[in-house]
Amino acid sequence: MKILIYILSIIIIGSFAYLFFSNNYSDTASNNDQELELNEIGEDDDTEINRLVTYKDGVAILLSQEEYDLAGISSQTLTKKTVMLQEEKSALSINSKRLLELVQTYDALKLQLDRVIIEKNYLKNNYNRFKILYETEGSIPLKNLEESKYKLMSINSEIIRLNKKLKERSALIKRSFGDFILKDIIGERSVYNNLVNKFASIIAIENIEYENPNSNYFYKNKNLTFLTLNDEASKLFGNVGLFYLDGDSLSPERKIIVYANTIDSMEGYFIPENALIYHNGKIWSYFKEEDYLFTRYEFSKFNIMNDGQLFVNEELKNINIVNSGAQVLFAEEFRTQIMQEDDD
C-alpha cells in the first residue's frame with residue numbers, strides 16, 4: 001500500500017512539472033520566434049541591402065523615404081560669400097600695471113589741482129572783498145590787500161605748475177597707450193575699469209602695417225581696437241602695435257595668435273559644422289542630388305577662419321548641403337563598402 005501511494009505521488013508531481021516547463025518553453029520559443037522575425041525584417045535584411053548606386057560617373061547613396069525620415073536627414077542651400085583674406089600674427093598680452101601706475105599719478109595730480117583751484121577761488125573772493133573795503137571805506141590797510149594779492153598770485157603759479165605736470169602725464173599716457181585710452185581716462189573710464197577688474201586686456205602685435213596700423217585685427221572672433229605703436233623693447237619683431245581686447249582677460253606675457261584682414265578677398269561658402277565629416281586627414285560633406293539621393297564631396301580648397309569656421313573657396317556644382325544626418329550617411333556608405341568587400 002505504501003509503495004502504491006509513493007508511485008502515485010511521483011506520477012502527480014511529474015505531471016505538474018511537465019505542465020510548468022512546457023508552458024515556459026512555449027513562451028520562450030514564441031519570444032525567440034518574434035525576435036528572429038524582427039531581426040529578419042530589420043538588421044539581417046538590412047545588411048543585405050546595397051544602398052550605393054552609380055550616379056554621374058560616381059557613387060551615391062539612395063535611401064527609401066522611410067529610411068530618410070528615420071535618419072532625420074535635412075539639407076540647406078549654401079550662399080556664396082565674399083570674405084577678406086586673413087593673416088596670422090604673433091602677439092603677446094601686456095601687463096596693465098604700468099598703465100595703472102600712470103593713472104594713479106594722474107589722479108593724484110588732478111586731485112591736488114582741484115584742491116588748489118578751490119583755495120584759489122577762496123583767495124580770489126577774499127582779495128576782491130579787501131579791495132572793495134580798501135577803495136570804498138579805507139578800513140583795510142594796504143598791507144593786507146597786498147598780502148592777499150600775493151597769495152592769489154602764488155596760488156596761480158601753483159595751478160600753472162600742476163597743469164603743466166598734468167599735461168605731461170597725459171602726454172605720457174597717450175604716448176604709451178594711445179589717444180583711445182587717454183580719452184577714456186579723462187572721461188567715463190569704462191575701458192580703464194574693465195582693465196582694472198580684469199574684464200579686458202592689452203595686446204602687443206608684431207609686424208603690423210606701419211602706414212595703416214588700424215587694420216582689422218581679431219582674437220577669437222573679437223575685434224581688437226588699435227591703441228598706438230609701441231616703441232619700447234619687446235620680445236616681438238617688426239612694427240609692434242598695442243591693441244585693446246574687450247571681454248577677455250589674458251595673463252601677462254601670454255603668447256597668442258591673432259588674425260588680420262588683408263587687402264585681398266575671396267569668394268566661397270561657409271560650411272556648417274554639422275555638415276562636416278573628418279576622416280583620415282580629409283574633410284567631406286554630403287550633398288543632396290535628388291529626393292533621397294546623396295553624394296559625398298571632398299573639400300580641397302578651404303580656409304579655417306579665426307572663429308573656427310570652414311570657408312571653402314572653390315566652385316561647388318551642388319550647393320544643397322546635408323546639415324543634419326551626414327554621419328548617418330557616412331556610416332551607411334562605409335558599412336556597404338565593407339559588405340561588398342566581404343562578398344568579393
When you compare the side chain of V196 with that of L100, does any pair of heavy atoms fall below 4.5 Å? yes

Please tabulate, one pair per line, all N/O donor-acceptor pairs under 3.5 Å involving side-chain atoms of residues 279-286, not counting sequence neighbours.
residue, atom, partner, partner atom, Å
S285, OG, A275, O, 2.7
Y286, OH, E333, OE1, 2.4

Show your reasoning for whether side chain to side chain contact (heavy atoms under 4.5 Å, CB included) applies to I208 and F226. CA-CA 11 Å; I208 67 170; F226 175 71; 4.2 Å; yes

Within the distance-only criterion (no hydrogens, no angle test), does the side chain of K89 pair as donor or acceptor with the backbone N or O of N207 below 3.5 angstrom? yes

So Y134 and N144, do their side chains get closer than 4.5 Å, heavy atoms only? no

Gap between atom OH of Y150 and atom CG of L123 - 0.5 Å precision: 12.5 Å

What do the steps show when you test Y259 against F218 for ring pair (Phe, Tyr, Trp, His ring centres under 6.0 Å), and what is the final call? CA-CA 5 Å; Y259 295 86; F218 303 89; 8.6 Å; no

Is a salt bridge present between E146 and K143, judged by a nitrogen-to-oxygen distance below 4.0 Å? no

Common cluster, Y244/L182, ILVMFWY with side-chain heavy-atom separation under 4.5 Å: yes

N/O donor-acceptor pair under 3.5 Å between D184 side chain and V191 backbone: yes

So do I186 and Y106 actually touch side chain to side chain, heavy atoms under 4.5 Å? yes

Can a donor-acceptor pair be found, under 3.5 Å and without considering hydrogens, that links the side chain of S251 to the backbone of R254? no

Test: R189 and D107 ion pair at under 4.0 Å: yes

Tell me whether E188 is salt-bridged to K183, with the criterion being a basic N under 4.0 Å from an acidic carboxylate O. no

Kindly determine whether L102 and F177 satisfy side chain to side chain contact (heavy atoms under 4.5 Å, CB included), including the steps that lead there. CA-CA 10 Å; L102 290 175; F177 296 96; 3.9 Å; yes

Pairwise distance NZ(K56) to OG1(T295) - rounded to 0.5 angstrom: 8.5 Å

Test side chain to side chain contact (heavy atoms under 4.5 Å, CB included) on L52 and I61; report intermediate values, then the result. CA-CA 5 Å; L52 295 184; I61 297 179; 3.7 Å; yes

Is atom CE of M266 surrounded by more than 12 heavy atoms (other residues, nucleotides or ligands) closer than 6.0 Å? yes

Do L172 and R175 come within less than 4.5 Å of each other through their side chains, counting heavy atoms only? yes

Among the clusters formed by ILVMFWY side chains lying less than 4.5 Å apart, do Y278 and I304 turn up in the same one? yes

To the nearest 0.5 Å, how far apart are CG in N126 and CG in N121? 12.5 Å

Output yes when a side-chain donor or acceptor of S265 lies under 3.5 Å from a complementary backbone atom of T82, and no otherwise. no

Using a 4.5 Å cut-off on heavy atoms from C-beta on, say whether the side chain of R51 contacts that of R335. yes

Answer yes or no: does atom CD of E101 have more than 12 heavy-atom neighbours from other residues, nucleotides or ligands under 6.0 Å? yes

How about F299 and Y297: are their ring centres within less than 6.0 Å of each other? yes

Check whether any side-chain N or O of K124 sits under 3.5 Å from a backbone N or O of L152 as a donor-acceptor pair, and report yes or no. no

Side-chain donor or acceptor of N318 paired with backbone N/O of N320 under 3.5 Å: yes

When you look at NZ of K288, are more than 12 heavy atoms from neighbouring residues, nucleotides or ligands closer to it than 6.0 Å? yes

If hydrophobic clusters are built from ILVMFWY residues whose side chains come within less than 4.5 Å, do L63 and V59 share one? yes

Under the rule for salt bridge (charged side-chain N to carboxylate O under 4.0 Å, His left out), what residues qualify as partners of E158, not counting sequence neighbours? R161

Set out, in order, the CA-CA distance, both residues' side-chain angles and the distance that settles ring pair (Phe, Tyr, Trp, His ring centres under 6.0 Å) for F287 and F294, then state yes or no. CA-CA 6 Å; F287 289 85; F294 306 91; over 10 Å; no

Going through the checks in order, is the side chain to side chain contact (heavy atoms under 4.5 Å, CB included) test met by I205 and L236? CA-CA 7 Å; I205 303 176; L236 302 175; 5.8 Å; no

Side-chain heavy atoms under 4.5 angstrom apart, residues restricted to Ile, Leu, Val, Met, Phe, Trp, Tyr: same cluster for I271 and I319? yes

Strictly under 6.0 Å, is that where the ring centroids of F270 and F311 end up? yes

Cluster overlap L92 with Y219, hydrophobic side-chain contacts below 4.5 Å: no

